[in-house]
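All ligand and atom numbering here is 1-based and tracks the order in the structure. What you see below is based on every heavy atom in this structure, not just the backbone, and it leaves out hydrogens, waters and symmetry mates. Since we're looking at a predicted model, the values are computed, not measured.
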Amino acid sequence: METKKIEKMRGALRGEITIPADKSISHRSVLFSALGKGKTHVKNFLEAADCLSSAACMRALGADVERVGEGEYIINGCGLRGLKEPSIVLDAGNSGTTLRLSMGMLAGQPFLTTFMGDASLSRRPMGRVIKPLAQMGANIRGREGDKLLPITILPKHTPLQAIQYDSPVASAQVKSAILLAGLYADGDTTVRELYVSRDHSERMLSAFGAKLKREGSAVTISPAEELVSPEEIIVPGDISSAAFWLVAGSVIEGSDLLLKNVGVNPTRTGILDVLFDMGAKLELLDARVSGGEPVADIHVQAHGLKGVYFGAEIIPRLVDEIPIIAVAALFAEGDTVIEGAGELRVKETDRLSAILTALNALAPGSVEERGDGLIIHGGRPLKHAKVDSYDDHRMAMALSVAGAAGAGADIEKPSCVRISYPSFYEELERLSR
Ligand code: S3P
């Protein structure tokens with residue numbers, strides 16, 4: 001089996017890191033540009049496997065997605081009613097965002113589309129999107145009672161029905177799918193969440209001229225005749241990728257890192273709140289707005305951390321960062337308690353169980369599972385161990401940081417980092433020199 005040897009870091013991490021482009025925003029840039037009318041010049045698009053799945057699906061639906069430089073694309077959109085029936089089964093790969101948002105885009109189209117995906121995506125629940133879309137009148141069929149891939153979206157020749165939907169999960173993918181379908185509805189569609197999930201779709205759809213209104217945790221979209229390209233989208237860096245360096249820089253003694261161009265949309269910055277609570281030494285510099293999204297550089301200096309508690313209300317703001325926060329907790333003094341994190345069970349792998357197994361291999365007796373949460377006992381001795389990424393990109397990177405800051409690690413199935421951060425291992429090696 002392929003393994004990646006992560007050496008214990010000999011010295012501090014120092015220097016600048018340009019953070020790769022935001023995955024969520026890159027997906028949306030290509031999906032919405034395909035759906036809009038006119039040409040969109042996307043700059044700093046994340047050329048990682050997940051976003052390339054979105055690009056390939058949009059090409060198969062008739063959009064002209066042309067790569068004109070590194071991370072630079074010109075997309076000639078089809079318009080809201082101009083997508084074409086694909087002649088192939090669309091492959092969403094490992095990407096829940098590609099699949100769930102596309103289902104919303106296609107629910108009201110007068111043609112048939114079938115989706116497939118990789119083994120991980122084929123296990124993930126799609127009923128959470130199919131159910132509200134079916135309430136809107138969409139006709140979607142899938143395996144195991146219309147819950148799993150492969151999924152077929154049948155042609156729809158009449159407008160979808162507008163709904164008011166109380167989402168049982170705070171999920172930006174579910175919310176975005178309903179909002180996209182709402183563009184094709186016969187009236188205003190509202191999605192209400194218990195806690196507000198990332199709002200990149202709302203921001204970008206507004207830039208394309210869609211009419212959206214937010215009231216508390218509810219967002220309403222009006223049907224539209226057309227979406228019009230904003231001509232240019234500049235994608236900021238991904239705080240979910242910066243997260244690995246925020247933690248590595250905090251726990252590896254003497255480190256001093258400047259993370260350049262990090263998206264700091266308040267619906268994504270839960271990790272900053274938690275690290276501040278843990279005592280991390282972070283500084284946001286040059287706060288600015290780029291392409292409708294808040295951006296900053298983040299200066300991180302190593303500093304002793306202490307355990308914290310956090311629960312359900314902050315989870316949507318740090319949902320992808322829990323593996324690396326768990327690693328931070330290993331190096332902290334005292335216990336960290338995480339509650340209300342059941343959503344982690346339906347990510348690329350069951351991340352609660354993956355964290356439990358892998359961190360206990362690296363620091364025996366450190367992690368306990370409690371319901372849909374974890375208790376992490378910080379400060380236990382670390383040893384070198386072989387650990388499985390479960391083919392989950394964020395697990396592979398979190399475990400690499402644990403190994404680098406601890407006693408080394410052999411990561412099984414390491415190449416999944418291509419999903420969101422293809423240059424991660426090179427960056428780690430560059431910083432350790
Ligand atoms: C995403 C939403 C989140 C997140 C995923 C990306 C998005 O998923 O975990 O990595 O781009 O909308 P959920 O909507 O399932 O919470």
Below 4.0 angstrom from a heavy atom of T97, which ligand 1 atoms are there? Numbered from 1 as shown, please. 1 (C), 6 (C), 7 (C), 11 (O)
Is the backbone of S122 close enough, under 3.5 Å, to the side chain of R143 for a donor and an acceptor to pair up by distance? yes
Options R100, K347, R28, ranked by nearest heavy atom to atom 7 (C) of ligand 1, top entry: R28
Taking only heavy atoms of V319, which atoms of ligand 1 are found under 4.0 Å from at least one of them? 9 (O)
Provide the full list of ring pair (Phe, Tyr, Trp, His ring centres under 6.0 Å) pairs with a residue in residues 181-236, sequence neighbours left out, each pair given once. none
Please report which non-hydrogen protein atom sits nearest to atom 10 (O) of ligand 1, along with the residue it belongs to and the distance in Å to one decimal place. D320 OD2, 2.8 Å
Which segment of R198 sits under 4.0 Å of ligand 1 when only heavy atoms are counted: side chain
Just by distance, with hydrogens left out, do Y309 and E339 show a side-chain donor and acceptor under 3.5 Å apart? yes
Quick one: does H200 get a heavy atom under 4.0 Å from ligand 1? no
Within the 4.0 Å heavy-atom shell around A172, which atoms of ligand 1 are there? 12 (O), 14 (O)
Note the single closest protein heavy atom to atom 1 (C) of ligand 1, along with its residue, its atom name and the distance in Å. Q173 NE2, 3.5 Å
Tell me whether K131 contacts the main-chain N or O of M126 through its side chain, where contact means a donor paired with an acceptor under 3.5 Å. no
Is a donor from one side chain sitting under 3.5 angstrom from an acceptor on the other, for N265 and E293? yes
Show me which atoms of ligand 1 lie under 4.0 Å from any heavy atom of S24. 1 (C), 6 (C), 7 (C), 11 (O)
Should the pair K84 and F111 be classed as cation-pi, given the thresholds of under 6.0 Å to the six-membered ring centre and 45° from the axis? no
Apply salt bridge (Lys or Arg N to Asp or Glu O under 4.0 Å) to the pair D350 and R123, showing each step before the final yes or no. CA-CA 11 Å; D350 175 344; R123 285 190 295 268; over 6 Å; no
Return the residue, atom name and 0.1 Å-rounded distance of the protein heavy atom closest to atom 14 (O) of ligand 1. S171 OG, 2.6 Å
